[in-house]
Amino acid sequence: MDADIAEILLRQEQIQARVRALAGEIAAVYDGDARGLTLVPILSGSIIFLADLIRELPLKMKIALVHVSTYPGTATSAQEPHTLVERVGDVRGRNVLILDDILDSGRTLRQVQAMVAARRPASQRTVVLLRKVRKAPRDVPVDFVGFDIDDLFVVGYGLDFGDHYRNFPHIGILRAELMP
Ligand code: IMP
Ligand code: MG
């Protein structure tokens, strides 16, 4: 696996430090808020980020997983249609925090944000570990961002290419000859 990575963009230790700081920013917003918190993580890319972030968050929370397929197979640009599988249920009166690995075209988050908004939560915010800053659309608000990155296709720390490399502990760029 490691031999397929051309360059490491963000090392494991660097990601961990940022995730810890991000947890501090998030805890400061929700601390003391009596309304319950429901985290809505978008599978599968957010699994590692989710696992690391929630263990740094000393808040009582529910977790409602959502599955959206954006890049079917090994395509590296977003394709329609997106499929959405969710069991978010009733979040009226609760604070909802949507969590995703990366904000690219914004189609995934736009869809999940609309689904959550229709359920009329008390508040709604979004956290992403990575944002492709030059592509991120203005109509998809994000409240917490781990790192702004260039428009590169990255893998590792949950992010995949053809469902591989999610377990690579750093965030890196694949060797060019492996990309379509
Ligand atoms: P968007 O809908 O175009 O914003 O894409 C968001 C989703 O596409 C993310 O949840 C990721 O699963 C996937 N994605 C976007 N960019 C990358 C990337 O660079 N590497 C791996 N997956 C990506
Ligand atoms: Mg994803």
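Order of appearance sets the numbers: ligands from 1, and atoms from 1 within every ligand.
Under the 4.0 angstrom criterion for non-hydrogen atoms, Lys135 is not in contact with ligand 1. Ligand 1 has at least one atom lying under 4.0 Å from a heavy atom of Asp160. At a 4.0 Å cut-off, at least one heavy atom of Leu152 sits close enough to ligand 1 to count as contact. Within the structure, the closest approach of Ser105 to ligand 1 falls below 4.0 Å when heavy atoms are considered.
Not a single side chain to side chain donor-acceptor pair (under 3.5 Å) links Asp2 to another residue, sequence neighbours left out. With sequence neighbours left out, the salt bridge (charged side-chain N to carboxylate O under 4.0 Å, His left out) criterion links Arg87 to no other residue.
Set against the non-hydrogen atoms of Lys132, the atoms of ligand 1 under 4.0 Å away are 16 (N), 17 (C), 18 (C), 19 (O). Within ligand 1, the atoms closer than 4.0 Å to a non-hydrogen atom of Arg107 are 1 (P), 2 (O), 4 (O), numbered from 1 in the order shown. Per-residue contacts place Thr108 under 4.0 angstrom from the following atoms of ligand 1 (heavy atoms of the residue considered): 1 (P), 2 (O), 5 (O), 6 (C), 7 (C).
Considering backbone and side-chain atoms alike, Gly106 places an N or O below 3.5 Å from some N or O of ligand 1.
Between Phe168 and His170, the ring-plane angle classifies as perpendicular under the 30° and 60° cut-offs. Aromatic ring orientation, Phe144 versus Tyr30: tilted (interplanar angle from 30° to 60°).
A chain of hydrophobic side-chain contacts below 4.5 Å, direct or via other Ile, Leu, Val, Met, Phe, Trp or Tyr residues, connects Leu152 to Leu129. Transitive grouping of hydrophobic side chains (ILVMFWY, heavy atoms separated by less than 4.5 Å) brings Leu178 and Met1 into a common cluster.
Contact annotation: for Leu159 versus ligand 1, heavy atoms closer than 4.0 Å belong to the side chain alone. Contacts between Val154 and ligand 1 below 4.0 angstrom, taking non-hydrogen atoms only, involve backbone and side chain alike.
Test Ile98, Val127, Leu103 against Val142 for side-chain contact (heavy atoms from CB on, under 4.5 Å) and you get one pass: Leu103.
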